[in-house]
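Only one structure is covered here, and it is reproduced in the block below.
Numbered from 1 within each chain, the chains take letters A, B, ... in sequence-line order.
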Amino acid sequence: MTEKEKVIPIKTNAAKEVLIHGNEAVVEGAIAAGCRFFAGYPITPATEIAEGMSIRLPKIGGTFIQMEDEMASLGSVVGASLAGVKAMTATSGPGFSLMQEILGYACMIEVPCVVVDVMRGGPSTGLPTSPSQGDVMLARWGSHGTHPIIVLAVSTVEDCFDVTVTAFNFSEKFRTPVIVLSDEIVAHTREKVALPSADGVTIVNRIRPTVPAEWFQPYENTPGGVPPMAIYGDGYRYHTTGLIHDSRGFPTDKKEEIKTFYERIHKKISQRFHEIQIVKNFFTEDADIIIIAYGSVARSSLLAAKTARQNGLKVGLLQLVTLFPFPRKAVETVLRQSRAVIVPEMNLGQISREVKRVNAKHSAVITLNRVDSDLITPKEILAKIQEVV
Amino acid sequence: MARGTTVVHQYLRHDAIFPHVWCPGCGNGIVLGALIRAVHHLGYPKDEIVLVSGIGCSSRMPLYVDFNTLHTVHGRALTFATGIKLANSRLRVIVVMGDGDAVAIGGNHFIHAARRNMDLTAIILNNRIYGMTGGQSSPTTPYGMYSTTDPYSHIEPAFDISEMAACAGATFVARSTVYHAQLLQSLMEKAIPKKGFSVVEVITHCHVQFGRANKLGTHIDMMKRQRDQAVPVEKAQTMSPEELKDKIPIGILTDMVRPVYNEEYENLKKRAGLTN
Ligand SMILES: Cc1ncc(C[n+]2csc(CCOP(=O)(O)OP(=O)(O)O)c2C)c(N)n1
């Protein structure tokens, strides 16, 4: 039996073991990543992130502010980031819906920031204290217009730490908002995790310009597509607008410049798919039935896969940490080698649509969905495996 | 070039020719001129100024000036400004908004920035109409006036932006018209250095939308009306509500001292155990 895992390389030495829940681990991850500004508005099941930040940030010279709503929260997060401070907000479905316009603005002006959505049942007030994975497509397509975005999912408390650090690193590296999708189960599960010491975490910071101010082009079409980012007070005075802009940041309606803009903001992500698309493979090498899962459901899936193996079935799990850009290569690989993939989700089919989109008749894609406020158990997944067999 | 124009010239961006969104005769340029002269007189380096705006004709202002400039989304400029100021207190953050931007879609952010007494300066260009979208009513459109969404006349009472700012907790509130350009500049010179949330409401004209819909004549006619309607606040205090009907009190309406959010937070950090 092989257990191959593409580990997110952020932790080198673990310093202390603590018993915390997922939301607390997000706080720890954010602080370790260098987050020093948090703005939020209370909402179940995400509130503990704001509460944790309100305790921790002032002690280390950072700023916490409870804003008047979620639009204000993300607005001030973007403002803080423009002024050079790593910033984050956390919310759940109703608040995440409200943030969408400013999320698109952050994509447009290419400001690093992290938005955590601890998913609960929806739409509307839905099931405020119950788990869900209903916001997957909202995270990808919620804001209007054509834009790339990075969406990561957490499945364990340890993930909450690691993935939050990764989210900050991606946001700084690619100058983009990064969304962390958590869910009520991970958020409120307490488990023992080993938190690394401060110097045991790999941190990426945005590249700042070094050229003379008159040469600086804030939205220059660099080969990687990520221009250096000046922060206010640096002496590089420049314009930022949500209008489509040229390399100097000025609004444009020239077709050539519009095209360049869209191409660049997409290429900065698409050129780095290999780096951004994080997946974990469990027993997939020889598997002919493969579960594709993310979030807390990946945990149930892992147990189901292990049990199936004990029963002599060749079952594997492909856990998606990165949901978007959709890890097509990894998914295609398991589709090609398997006779069936099972996609369990706490919604009526969101990632399964992506899986079907890239399937090309290689494998049978079988969905397993639940939206009745309960988690998907390993037993249910096992039953589905038996059905397929 | 007149001296005033020379000063303004030094602060405009000259590295591109911008499409101009302001109609001939618009008051927005007068506000921009006053703002530039105020900053110049205050002697603040350009690098320290962040000029933030929302969406609207008035909110196009930052593009033209050589400061750190941020053109955000409709109604929420104050929230971005809040983050900027909290991230770097050395920056002087000035926020330009239209009336719709500040008190319709952005009304919640406006009262909360005032309540917190966030160390920001808000300049609100009140033309009593949605200019950019073509002349619909705003929360400051007076009762009985016409707009493209009030073909049978407006049946809602209007907000008094300055009064609302003062009630919500702003520590400096002043009003001018664009006709009183020098007063406007001097009010900005007081508002920008003021610690806490300071508001300058500027009554301006949109002769193209509001003026046309209500038969108020040209921009010159509308500026003459500003001149005739304006009364200094000191005088307004002695007038009855009847006498004040259709008048615009101009000058400093509120100037007080109240704890500023940014300083309160610095104290909070110490209570939380920050040592350095
Ligand atoms: C969320 C959102 N809703 C609506 C609009 C359309 N819109 C653009 S400007 C504007 C109103 C502008 O009026 P005002 O703020 O008074 O500024 P003015 O143009 O008069 O200077 C509106 C409604 C928008 N850009 N965003």
Side-chain angles (χ1 to χ4, degrees), chain A residues 36-37 39 54-87 101-102 104-106 108-109 111 113 213-214 230-243 245-246 248-253, chain B residues 13 15-16 18-19 21 45-53 55 60 62-88 90-91 93 105-106 108-109 111-113 115-116 118 261-262 265-266 268-276:
Chain A
R36 292 296 178 271
F37 184 91
S54 78
I55 298 167
R56 296 293 304 279
L57 280 176
K59 286 184 200 288
I60 52 173
T63 305
F64 164 87
I65 185 167
Q66 182 172 320
M67 292 299 282
E68 55 273 17
D69 59 36
E70 286 83 354
M71 296 164 286
S73 302
L74 187 52
S76 58
V77 159
V78 171
S81 186
L82 282 162
V85 174
K86 289 188 188 178
E101 186 195 6
I102 296 175
Y105 179 70
M108 176 61 99
I109 67 169
V111 166
C113 59
E214 358 19 303
I231 62 176
Y232 294 152
D234 266 0
Y236 294 94
R237 297 184 300 277
Y238 68 100
H239 187 60
T240 301
T241 176
L243 290 160
H245 38 269
D246 63 19
R248 291 166 303 176
F250 300 140
T252 181
D253 52 11
Chain B
R13 286 196 166 116
D15 39 3
F18 300 108
V21 297
K46 292 175 182 173
D47 282 336
E48 272 180 24
I49 306 277
V50 187
L51 190 61
V52 185
S53 69
I55 297 291
R60 289 295 179 101
L63 172 63
Y64 307 121
V65 217
D66 184 20
F67 296 139
N68 301 290
T69 55
L70 183 65
H71 180 217
T72 68
V73 300
H74 193 28
R76 322 215 182 272
L78 283 168
T79 71
F80 294 87
T82 295
I84 293 165
K85 185 71 190 181
L86 291 176
N88 182 353
R90 288 188 307 280
L91 297 168
V93 187
I105 189 165
N108 200 30
H109 309 308
I111 56 173
H112 287 283
R115 177 182 60 80
R116 292 187 184 105
M118 195 58 72
Y261 183 94
N262 313 65
Y265 201 82
E266 288 310 308
L268 180 151
K269 283 180 185 169
K270 289 191 198 106
R271 289 204 303 281
L274 180 69
T275 41
N276 51 31

Does any backbone or side-chain atom of B:R116 lie under 4.5 Å from a heavy atom of chain A? Answer side chain, backbone, both or neither.
side chain
Under a 4.5 Å heavy-atom cut-off, does chain A meet the side chain of B:F67, its backbone, both or neither?
backbone
Give, as side chain, backbone, both or neither, the part of A:Y238 having an atom under 4.5 angstrom from any heavy atom of chain B.
backbone
Test item: A:H245 and A:M108 side chains (from C-beta on) under 4.5 Å apart, heavy atoms
yes
Centroid separation B:F80 to A:Y105 less than 6.0 Å
yes
Residue part contacting chain B, namely of A:F64, when any heavy atom lies under 4.5 Å:
both
Any idea which heavy atoms bring A:C113 and A:V78 closest together, and the distance?
SG-CG2, 4.5 Å
Contacting moiety of B:R13, where chain A heavy atoms sit under 4.5 Å
side chain
Tell me, out of B:D66, B:V65, B:L268, B:I49, who's got the most heavy-atom pairs with chain A below 4.5 Å.
B:D66
With a sphere of 6.0 Å drawn around CG of A:D253, does it hold more than 12 non-hydrogen atoms of other residues, nucleotides or ligands?
no
Whatever's closer than 4.5 Å to a heavy atom in chain A on B:L91 counts as side chain
Under 4.5 Å from any heavy atom of chain B, what part of A:I231 do you find: side chain, backbone, both or neither?
neither
So which atom in A:G62 and which in B:K269 form the shortest heavy-atom distance, rounded to 0.1 Å?
O-CE, 3.3 Å
With a 4.5 angstrom heavy-atom cut-off, is it the side chain or the backbone of A:A39 that approaches chain B, or both, or neither?
neither
Of B:V52, B:T72, B:L51, B:L70, the one forming a side-chain contact (heavy atoms from CB on, under 4.5 Å) with B:P62 is B:L51
Among B:L86, B:L78, B:T82, single out the residue with the greatest number of heavy-atom pairs under 4.5 Å to chain A.
B:L86
Does a donor on one side chain and an acceptor on the other come within less than 3.5 Å for B:H71 and B:S53?
no
Under 4.5 Å, counting heavy-atom pairs only, tell me which of B:K46, B:E266, B:E48 racks up the most with chain A.
B:K46
Minimum-distance pair of heavy atoms, taken over all atoms of A:G235 and A:A213
O-CB, 3.7 Å
Check whether A:R248 gets within reach of chain B through its side chain, its backbone, both or neither, counting any heavy atom under 4.5 Å.
side chain
Could you have a look at A:L82, A:I55, A:L57, A:T63 and say which one has the most heavy-atom pairs with chain B under 4.5 angstrom?
A:T63
Side chains of B:T79 and A:E68, heavy atoms from C-beta outward: is any pair under 4.5 Å?
yes
Between A:V77, A:I60, A:D234, A:D69, who has the most heavy-atom pairs with chain B when the cutoff is under 4.5 Å?
A:D69
Among B:N88, B:V50, B:L63, B:V73, which residue forms the greatest number of heavy-atom pairs with chain A at distances under 4.5 Å?
B:L63
Of all heavy-atom pairs linking A:S76 and A:F37, the shortest is O-CE2, 3.6 Å
